[in-house]
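Working notes, structure below.
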Amino acid sequence: MARGRFILLEGCDRAGKSTQCAMLVKALQERGHSVELCKFPERTTTIGQMIHAYLTNSKELDDKAIHLLFSANRWEAMQAMKRKLEQGTHLVVDRYAYSGVAFSTAKGLDLKWCMNPDKGLVRPDLTLFLDLPTAEAERRGGFGEERYEKRELQEKVREVFLRLKAKEWVVVDARKSIEAMHQEILNEAEQKIREGEQAKEDALLE
Ligand code: TMP
Ligand code: MG
């Protein structure tokens with residue numbers, strides 16, 4: 001069986017990542033794939049509860065301390081994620097280390113320092129960056145509920161994301177309709193999955 005693909009959706013707050021992740025998981029499942037959703041921060045763990053308390057302003061933490069907690073929250077999920085990929089399950093992941101670096105760097109921490117704790121995490125096979133102008137995000141429902149949902153910071157976060165953007169990233173225009181974005185994301189994901197299956201077949205024939 002081919003290894004599962006790690007499909008990551010990244011972007012600023014209110015770009016539609018969670019909606020698109022749920023739609024992608026459902027569509028892939030309907031097509032007979034084994035697929036699971038992962039989300040960072042994963043708020044259900046002990047570390048995740050501390051992150052949640054910070055994001056909802058019920059707890060204050062040093063910028064470096066919260067950065068490391070976000071990273072630790074990924075590390076604590078790593079073994080289970082690797083196992084699922086090895087078993088052929090695809091993972092659709094809502095935010096990852098790029099969010100970690102983008103938000104903390106936007107707050108003023110050093111980019112290199114921010115990247116260090118995430119070094120060695122399993123790599124995504126496909127990164128889709130849902131790009132939305134900050135003014136548009138602000139108009140969307142719920143903006144401003146959590147600590148980082150402030151215009152100035154989100155603008156800086158977007159700038160860092162665009163700096164981190166590698167050539168293989170797929171940029172999705174998040175101003176488009178939910179359905180149009182879904183079609184684009186599903187096409188990209190299916191193509192990646194086919195590539196993975198093809199590589200496995202080629203290896204078998206060698
Ligand atoms: P969420 O809205 O996707 O649940 O994410 C909560 C906030 O946490 C969001 O503003 C982005 C931020 N964040 C970080 O600052 N560092 C991280 O490593 C992650 C995953 C999210
Ligand atoms: Mg949010």
Side-chain angles (χ1 to χ4, degrees), residues 6-25 37-78 80-81 91-124 127-134 136-164 169 172 174 181 185:
F6 178 154
I7 299 158
L8 169 63
L9 272 70
E10 275 285 12
C12 290
D13 286 289
R14 308 288 151 186
K17 292 178 301 302
S18 302
T19 304
Q20 293 297 329
C21 280
M23 289 173 84
L24 179 60
V25 167
L37 176 68
C38 301
K39 160 152 191 47
F40 295 106
E42 171 49 69
R43 302 186 192 218
T44 58
T45 66
T46 305
I47 294 170
Q49 285 164 19
M50 290 167 75
I51 294 172
H52 178 72
Y54 175 80
L55 288 171
T56 52
N57 295 308
S58 64
K59 186 180 174 69
E60 292 307 313
L61 277 168
D62 174 81
D63 287 342
K64 285 183 173 160
I66 184 66
H67 181 81
L68 294 172
L69 287 177
F70 273 114
S71 180
N73 187 233
R74 284 182 278 280
W75 279 108
E76 66 180 344
M78 231 11 58
M81 286 173 70
L91 299 179
V92 171
V93 182
D94 186 347
R95 291 192 191 276
Y96 200 50
Y98 302 110
S99 277
V101 173
F103 279 81
S104 294
T105 306
K107 285 162 78 181
L109 297 187
D110 177 67
L111 181 83
K112 282 265 152 61
W113 187 92
C114 289
M115 287 170 79
N116 250 325
D118 286 316
K119 283 198 177 133
L121 290 174
V122 60
R123 265 180 192 283
T127 300
L128 296 141
F129 177 63
L130 276 52
D131 191 27
L132 187 69
T134 310
E136 177 72 27
E138 237 177 350
R139 284 195 287 272
R140 295 196 171 178
F143 185 90
E145 278 170 10
E146 289 204 329
R147 187 184 284 262
Y148 292 153
E149 292 181 319
K150 299 192 181 81
R151 186 189 193 130
E152 215 178 302
L153 179 69
Q154 292 284 331
E155 261 162 15
K156 283 188 195 153
V157 170
R158 185 167 175 235
E159 279 169 28
V160 188
F161 267 130
L162 295 172
R163 253 201 279 161
L164 293 171
W169 281 23
V172 178
M181 279 169 77
I185 291 168

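Only heavy atoms go into these numbers, but all of them, side chains included; no hydrogens, no water, no symmetry mates. Start at 1 and go down the list; that is how both ligands and their atoms are numbered.
Of the charged side-chain nitrogens involved, none lies within less than 4.0 Å of a carboxylate oxygen, so that Glu146 and Arg14 do not count as a salt-bridged pair. Ionic pairing of Lys156 and Glu159 is not present here: no N-O contact between side-chain nitrogen and carboxylate oxygen is shorter than 4.0 angstrom.
In terms of N/O distances under 3.5 Å, ligand 1 is not approached by Leu55. Among the atoms of Asp94, none of the N or O lies under 3.5 angstrom from an N or O of ligand 1. Taking only nitrogen or oxygen atoms, main chain and side chain alike, Tyr148 does not reach within less than 3.5 Å of ligand 1. The shortest N or O to N or O distance between Arg43 and ligand 1 is under 3.5 Å. Distances between N or O atoms of Arg95 and those of ligand 1 include at least one value under 3.5 Å. Not a single N or O atom of Gln154, backbone or side chain, sits closer than 3.5 Å to an N or O atom of ligand 1.
Look at Glu149 and the Mg ion (ligand 2): no N/O/S atom of the residue is under 2.8 Å from the metal.
Proximity to Phe40 (heavy-atom distance under 4.0 Å) selects the following atoms of ligand 1: 20 (C). With ligand atoms numbered from 1 in the order given, ligand 1 contributes 1 (P), 3 (O), 4 (O) to contacts under 4.0 Å with heavy atoms of Lys39. Ligand 1 places these atoms under 4.0 Å from at least one heavy atom of Gly100: 16 (N), 17 (C), 18 (O). Close approach of ligand 1 to Pro41 is summarised as follows: ligand atoms under 4.0 Å from at least one heavy atom of the residue are 4 (O), 5 (O), 6 (C), 20 (C), 21 (C).
Distance check, rounded to the nearest 0.5 Å: CD1 of Ile185 to CG of Leu9 gives 5.0 Å. Annotation: the span from Ile51 atom CD1 to Arg43 atom CZ amounts to 8.5 Å, rounded to 0.5 Å. The distance from the CD1 atom of Ile7 to the SG atom of Cys38 is 11.5 Å, given to the nearest 0.5 Å. If you take NZ on Lys39 and NZ on Lys17, they are separated by 7.5 Å, rounding to the nearest 0.5 Å. Atom CH2 of Trp75 and atom CD1 of Ile47 lie 13.0 Å apart (nearest 0.5 Å). A distance of 13.0 Å separates OG of Ser18 from CE of Met23, quoted to the nearest 0.5 Å.
Contact analysis puts Arg74 in contact with ligand 1, with a non-hydrogen atom separation below 4.0 angstrom. For the ligand labelled ligand 1, residue Glu149 lies outside the 4.0 Å heavy-atom shell.
Within the 4.5 Å cutoff, side-chain heavy atoms of Glu155 are placed close to those of Arg151.
Restricting Asp13 to its N/O/S atoms, the shortest distance to the Mg ion (ligand 2) is reached by OD1.
Phe103 has its ring centre no less than 6.0 Å from the ring centre of Phe70.
Nearest approach of Ala137 to Asp13, heavy atoms of both residues: CB-O, 3.7 Å.
Nearest protein heavy-atom neighbour of atom 10 (O) of ligand 1: Asp13 OD2, 2.8 Å. Atom 8 (O) of ligand 1 has as its closest protein heavy atom Phe70 CZ, 3.6 Å.
When non-hydrogen atoms are compared, ligand 1 lies under 4.0 Å from neither the backbone nor the side chain of Ser18.
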